[in-house]
Visitor: 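There's a structure below that I have some questions on.
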Amino acid sequence: MKNQEIARALHEISVLLEVEGKDKFKPRAYARAARSIESLGEDVEAVARRGELESIPGIGKAIAKKIEEYLDTGTISHLEKLRKQIPIKVTELESIPGVGPKTIKLLYDNLKITDLESLEEALNAGKLEGLPRLGAKSIAQIAEGISLVRGGMSRTLLAEAMDVASRLVEYLKQSVSITQIDVAGSLRRRRETVGDIDILVNSPSPEQVAAAFVSYPEIGEVIVKGDTKVSIRLKSRLQVDLRLLPAESYGAGLQYFTGSKDHNVRLRALAQQKKLKLNEYGLFRGDTAIAGRHEEDIYDQLGLQFIPPELREDHGEVEAAQADQIPALVELSDIRGDLHSHTDQTDGSNTLEEMIEAAVQLGHEYLCVSDHTKNLTVANGMDESRILKRIDEIDEINNSGRWPIRVLKGAEVDILPNGELDIDDSVLSQLEVVTVSVHTMMRMDRAAMTERVCTALESKYAHILGHPTGRLLLKRPGIDIDLEDVFEVAKKNNVVMEVNSYPQRLDLDAGNIRLALRSGLKIAINTDAHKTFELDNMRYGIFQARRGWATASDVINTRSVKDLLPLLKK
DNA sequence: GCCGTTTTCGGCCCGACTGTTTTCAGTCG
């Protein structure tokens, strides 16, 4: 999808027009259009093909034409012209916290600053001093911002941020009297990575909460401290915002600070249509609050079904809520077993027995042990004879009745570059759950990679496609592959898509889960655990599946073994 | 440049916080 590229291009036009300074509202129109494309629930190219670009909010004739130009040629001549005229590296400068379009204009107009390097030079030469509106503090903030950007300030994995947030919430609860406390923001929406943490508190003594907050042992620095908002940066560099809310507007605050921004824009527009006003203090008719204490009431009063935080991205959830069609999303308690785990037989850390015992502790009805196969030599992958031995071992365990759990015979079979599986069919046929995955030669071009994976899915014994894109969050992008083609072939061959719960993977991502479900596919939410405690990562896969609009019936491992195994028959 | 159960012209989401201001602009979410 080119949505993000196009959004970035439109945003850049917006900033450059701002610097140009001819028109006050044009930049705003481009900024709005950029946001609109960024949060569009489907491929903008598909919308363009249908000739419906102008139906997207904020897109009219002129911008629609520019989007078409980008889709045709890969560039927008208007943007190219602006770049020649005003050679500013917009993305680079905007990555500095506190620097926006106006500051970029100021720096360019006065000092011809165009990028991080020239900004740093000017800063070191003391040239920023004396510029209007830039005092000592602003300059210090820019200096700090440059080193932050240079230091590779990045986002934090959901799992890690949830951990940090729950420790901080515990600390606050222990320290002061608190009536209500919630984590909001992208963390509550369960985005796969988060930029910061938002914590909302209602307390009889807000000053004490703020005081406790800024004396948290893991604090690095205080960024801002007001009556209703306090921001800190932890030693880990992760920023945490604390909002102090009164009880009567707690629900409105929770709604507002959960976002997303685009979801909130939609809700405010909806409120306006109904002659109401929505802000972080409540939903108002004139000066009278008609909702605010409880988040549910906001949605109710707007004529909407309650929308789970995971869906609040303006990806069609508002329309669905209006039509009473918000699905009952899958929950952790729906899960009855795990279909992807490893042992010390290959690259896992625990024995088969230890893994089984841990799964029993989690209350699973079944655990599929799916160690790697021989092509993955770095993981000591199993060949046919080791797999056969493993099959006997598992039969023995299941027959012994030692554990109140069914152990399923499986393997995570490597997809070779030519699309063949690296294990003989005669052995694959004896396994109950065969997950096929790409682990090597990950840089093939799109066509070849798509062909490779599709060929594998056509195998009579491929049940599940493991971590379909192979991406590692904040580390490496996934393989280049046409998932729409893959989904089509998977549908024909009755292959299930995995939602891998490993915090660094979360693969498929939410958008592709939704696409897979729309293609009529089922998903399996698996942990890919290599250690006993990693079996507990299931919740992250659940979050991701919920963000992909999945219900319990979309997920095969919400079923009993008896109902599950027939689903895998080809 | 976009958009309209007030409008095809004349407006453009909303509020907190900070810094540099003597009343407000810029950024952020």
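All chains are named by letter (A, B, ...) in the order of the sequence lines, taking the proteins before the strands, and each is independently numbered beginning at 1.
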Visitor: Specify the separation, in whole Å, of atom CZ of R28(A) and atom C1' of dG1(B).
Guide: 12 Å

Visitor: Whole Å only: how far is the CD atom of E129(A) from the C1' atom of dT20(B)?
Guide: 15 Å

Visitor: Is the shortest side-chain N to carboxylate O distance from K229(A) to E280(A) below 4.0 Å?
Guide: no

Visitor: Using a heavy-atom cut-off of 4.0 Å across all strands, would you classify P57(A) as base, sugar-phosphate, or nothing?
Guide: sugar-phosphate

Visitor: Taking only the P atom of each, what is the distance from dG10(B) to dA16(B) in whole angstrom?
Guide: 32 Å

Visitor: Just call it for L267(A): base, sugar-phosphate, or nothing, with non-hydrogen atoms closer than 4.0 Å on any strand.
Guide: nothing

Visitor: Would you say K275(A) reaches dT6(B)'s phosphate, i.e. side-chain N/O to OP1/OP2 under 4.0 Å?
Guide: yes

Visitor: Classify the nucleic acid contact of K24(A) as base, sugar-phosphate or nothing, counting any heavy atom under 4.0 Å across all strands shown.
Guide: nothing

Visitor: Among dG15(B), dG26(B), dC2(B), which nucleotide has an atom closest to any side-chain atom of T103(A)?
Guide: dG26(B)

Visitor: Over how many whole Å does the gap from R32(A) atom CZ to dC12(B) atom C1' extend?
Guide: 9 Å

Visitor: So, does S138(A) get its side chain near the phosphate of dT18(B), meaning an N or O under 4.0 Å from OP1 or OP2?
Guide: no

Visitor: Could you work out which one of dC13(B), dC2(B), dG26(B) sits closest to the side chain of R35(A)?
Guide: dC13(B)

Visitor: Decide, yes or no, whether a salt bridge links E218(A) with K235(A) under the criterion of side-chain N to carboxylate O below 4.0 Å.
Guide: no

Visitor: If we only count heavy atoms from C-beta on, is the I197(A) to L238(A) side-chain gap below 4.5 Å?
Guide: yes

Visitor: Between R312(A) and E317(A), does any NZ, NE, NH1 or NH2 come within less than 4.0 Å of an OD or OE carboxylate oxygen?
Guide: no

Visitor: Tell me if the side-chain of Y256(A) makes a donor-acceptor pair with the base of dG15(B), cut-off 3.5 Å, by modelled atom types.
Guide: no

Visitor: What's the CG-C1' distance between L10(A) and dC2(B), to the nearest Å?
Guide: 13 Å

Visitor: C1' atom, dC13(B) versus dG19(B): distance in rounded Å?
Guide: 24 Å

Visitor: Just to be sure I understand the rule, does L278(A) reach a base, reach only the sugar-phosphate, or reach nothing, if contact means heavy atoms closer than 4.0 Å?
Guide: nothing

Visitor: On DNA chain B, check which nucleotide each of K225(A) and Q239(A) is closest to and give me the residue with the more 5' one.
Guide: K225(A)

Visitor: Less than 5.5 Å between centroids and less than 30° between ring planes, does F25(A) satisfy that with dC2(B)?
Guide: no

Visitor: Which is true for F257(A) with a 4.0 Å heavy-atom rule: it touches a base, it touches only sugar-phosphate, or it touches nothing?
Guide: nothing

Visitor: Would you indicate what R133(A) reaches in the nucleic acid, counting non-hydrogen atoms under 4.0 angstrom: base, sugar-phosphate, or nothing?
Guide: sugar-phosphate

Visitor: Work out how far the P atom of dT21(B) is from that of dT27(B), and round it to whole angstrom.
Guide: 16 Å

Visitor: Which part of the nucleic acid, if any, lies within contact of A33(A), taking any heavy atom under 4.0 Å across all strands shown: a base, the sugar-phosphate backbone alone, or nothing?
Guide: nothing

Visitor: Roughly, in whole Å, what's the span from CD1 in I142(A) to P in dT18(B)?
Guide: 17 Å

Visitor: Quick one: E94(A) CD to dG26(B) C1', roughly how many Å, whole number?
Guide: 13 Å

Visitor: How is D241(A) classified with respect to the nucleic acid when contacts are heavy atoms under 4.0 Å: base, sugar-phosphate, or nothing?
Guide: nothing

Visitor: Pairing check on dG19(B): which nucleotide meets the Watson-Crick or G-U wobble criteria with it, both distances under 3.5 Å?
Guide: dC24(B)

Visitor: Verify the contact: side-chain N or O of K277(A) to OP1 or OP2 of dG15(B), cut-off strictly under 4.0 Å; return yes or no.
Guide: yes

Visitor: Assess whether side chain to side chain contact (heavy atoms under 4.5 Å, CB included) is satisfied between V330(A) and R546(A), documenting all intermediate values.
Guide: CA-CA 6 Å; V330(A) 63; R546(A) 288 170 64 86; 4.1 Å; yes

Visitor: With C1' as the reference atom in both, quote the distance from dT22(B) to dG15(B) in angstrom, rounded to an integer.
Guide: 22 Å

Visitor: Using a heavy-atom cut-off of under 4.0 Å over every strand shown, decide if K137(A) touches base, sugar-phosphate, or nothing.
Guide: sugar-phosphate

Visitor: Y281(A) side chain N/O closer than 4.0 Å to the phosphate oxygens (OP1, OP2) of dA16(B)?
Guide: yes

Visitor: For atom CG of D227(A), decide whether the heavy atoms of other residues, nucleotides or ligands shown that lie under 6.0 angstrom number more than 12.
Guide: no

Visitor: Examine the base of dC13(B) for any acceptor or donor lying under 3.5 Å from a partner atom in the side chain of R268(A), and report the outcome as yes or no.
Guide: yes

Visitor: Over all strands shown, is P132(A) touching base, sugar-phosphate only, or nothing at heavy-atom distances under 4.0 angstrom?
Guide: nothing

Visitor: E280(A) has an atom CD; how far is it from atom P of dC28(B), in whole Å?
Guide: 17 Å

Visitor: Without decimals, in angstroms, what is the distance between Q255(A) CD and dC14(B) P?
Guide: 15 Å

Visitor: Would you classify dT21(B) as syn or anti? Syn applies when the glycosidic angle is within 90° of 0.
Guide: anti

Visitor: If only side-chain N and O atoms of K229(A) are considered, is one of them under 4.0 Å from the OP1 or OP2 phosphate oxygen of dC17(B)?
Guide: no

Visitor: Looking only at atom C1', what distance separates dC3(B) and dT7(B), rounded to whole Å?
Guide: 9 Å

Visitor: For the pair R266(A) and E319(A), find out whether any cationic side-chain nitrogen is under 4.0 Å from an anionic carboxylate oxygen.
Guide: yes

Visitor: Any idea which of dT27(B), dG1(B), dC17(B) is nearest the A29(A) side chain?
Guide: dG1(B)

Visitor: Between dT27(B), dG1(B), dC14(B), which nucleotide has the shortest distance from any of its atoms to the side chain of N279(A)?
Guide: dC14(B)

Visitor: If you measure from the Lys or Arg side-chain nitrogens to the Asp or Glu carboxylate oxygens, is any gap between E192(A) and R471(A) under 4.0 Å?
Guide: yes

